[in-house]
Amino acid sequence: MFPLRDTIPSRRRPVVTTGIVVVCGLVFLYELLLGEQLASFFGRWAFHPAHLFYPSYFDTSFLATLRAAVVSMFLHGGWLHIIGNMWFLWVFGDNVEDVLGHGAFFVFYLTCGLAATVAQAIVDPRSTVPMVGASGAIAGVLGAYLVWFPWSRVKTFVFLGFFFTVAELPAPLFLIMWFVIQFFSGTLSLAAAKGAGGVAFFAHIGGFVAGMAAAVWLRRRGLVRPRPRGVIFWE
């Protein structure tokens, strides 16, 4: 499944969402120019789970590890990686930014990304494989979208073996199916060799759960509340 668009227009321009897409795109173009130096670039700037739990062994400070965790959200490993991530952010990010406002949305985005990074590191704490990508932070946006916009629908490109179709699915169905896929894929990945590269499924899971939890907390605290026709806004 691949989302094409949702059915809820945002009331204000998604400045931060657009900015993240632009910055990630520019950083990726820079990565393409590095050629054989890309591995050393990732080695310096990307997040490594082992550095979080064994900082003294790797002679890494907490601030350097935190910096790498933030920078990693703007790095990507290939065309499909960045296109998929940025498109999901574009489809769902504008509405969540509309709820929170620009500044709060950026803080929310980074916080979910950090939660996602820690979740993956807990699962594989000895890994020295660089973690890159915005998918953990974007998963947090998806989690918040599920809580705040359960009535929304998502126009979706659906693959059915050798056939495909376009269907308008309820947002909860789309997002829950996405989460279930991440959960089972992550469970299966536990059987893979530790330290091997691949998709950080538990970053997706951790980011999604963090986004949902934050969205529920904000709503219960009265910081966001429903408006007519189910639109929610930041108080």
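The shortest side-chain heavy-atom distance between W45 and V132 does not fall under the 4.5 Å cut-off. Using a 4.5 Å cut-off on side-chain heavy atoms (C-beta onward), L146 and P172 make contact.
In this structure, W87 and L4 approach most closely via the heavy-atom pair CZ2-O, 3.3 Å. Of all heavy-atom pairs spanning N95 and S10, the tightest one is ND2-N, 3.9 Å. When all heavy atoms of F108 and G211 are compared, the closest pair comes out as CZ-CA, 3.9 Å. Across A215 and A144, no two heavy atoms sit closer than the pair CB-CA, 3.8 Å. The two residues I20 and M86 make their nearest non-hydrogen contact at O-SD, 4.3 Å. Counting all heavy atoms, side chain and backbone alike, A116 lies closest to G136 at CB-CA, 3.5 Å.
Applying the 6.0 Å contact sphere to CE of M177 captures no more than 12 heavy atoms from other residues, nucleotides or ligands. The 12-atom threshold is exceeded at CG of L33, counting heavy atoms of other residues, nucleotides or ligands nearer than 6.0 Å. Atom CZ of R126 is surrounded by 12 or fewer heavy atoms from other residues, nucleotides or ligands within 6.0 Å.
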Test log, rule side-chain contact (heavy atoms from CB on, under 4.5 Å), inputs L89 and Y109: CA-CA 10 Å; L89 177 60; Y109 180 87; 4.1 Å; yes

Test log, rule side-chain contact (heavy atoms from CB on, under 4.5 Å), inputs F179 and V209: CA-CA 10 Å; F179 180 80; V209 172; 4.2 Å; yes

Audit row: T17, F105, side-chain contact (heavy atoms from CB on, under 4.5 Å) steps and yes/no: CA-CA 9 Å; T17 297; F105 174 73; 3.5 Å; yes

Worked check of side-chain contact (heavy atoms from CB on, under 4.5 Å) between V27 and V23: CA-CA 6 Å; V27 172; V23 171; 4.2 Å; yes

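Criterion: ILVMFWY side-chain heavy atoms under 4.5 Å apart, direct or through other members. Under it, W148 and W217 are part of a common hydrophobic cluster. I181 is not connected to F157 by any chain of hydrophobic side-chain contacts under 4.5 Å among Ile, Leu, Val, Met, Phe, Trp and Tyr, and they are in different clusters. Following chains of ILVMFWY side-chain contacts shorter than 4.5 Å, one cannot reach V99 starting from V15, and the two form parts of different hydrophobic clusters. Cluster annotation: I83 is connected to L142 through the hydrophobic network of ILVMFWY side chains, with a link wherever side-chain heavy atoms come within less than 4.5 Å. The same ILVMFWY cluster, assembled from side-chain heavy atoms under 4.5 Å apart, contains both F183 and V180.
Note that the CD1 atom of I138 and the CZ atom of F88 stand 9.0 Å from one another [nearest 0.5 Å]. Going from atom CZ of R13 over to atom OG1 of T18 covers 9.5 Å, rounded to the nearest 0.5 Å. Here the straight-line distance linking atom NE2 of H81 with atom OG of S135 works out to 4.5 Å at 0.5 Å rounding. Between the CD1 atom in I8 and the CG atom in D98 there is a gap of 10.0 Å [rounded to 0.5 Å]. To the nearest 0.5 Å, atoms CD (E31) and CD1 (I82) are separated by 7.5 Å. From F62, atom CZ reaches atom CZ of R67 across 13.0 Å, with rounding to the nearest 0.5 Å.
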Output a table of donor-acceptor pairs, distance under 3.5 Å, between side-chain atoms of residues 69-77 and any protein atom two or more places apart or on a different chain; print 'none' if there are none.
unit_1	atom_1	unit_2	atom_2	d
S72	OG	F47	N	2.6
S72	OG	A68	O	2.7
S72	OG	M131	O	3.1
H76	NE2	N85	ND2	3.2
H76	NE2	A134	N	3.4

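Using modelled atom types, one side-chain atom of T7 and one backbone atom of R153 make a donor-acceptor pair closer than 3.5 Å. Judged by distance alone, with hydrogens and angles left aside, the side-chain atoms of E97 form no donor-acceptor pair with the main-chain N or O of H102 at under 3.5 Å. A donor-acceptor distance shorter than 3.5 angstrom exists from the side chain of T156 to the backbone of V154, with no hydrogens or angles considered.
Remark: F53 engages A121, I122, P125 in a side chain to side chain contact (heavy atoms under 4.5 Å, CB included) (not counting sequence neighbours).
There is no side-chain donor-acceptor pair under 3.5 Å between T128 and H48.
The pair E168-K155 fails the salt-bridge criterion, with no side-chain N (NZ, NE, NH1 or NH2) lying under 4.0 Å from an Asp/Glu carboxylate O.
Results of the ring-ring contact (aromatic ring centres under 6.0 Å, His included) test with Y145 over F92, W178, F208 single out F92 as the only residue that passes.
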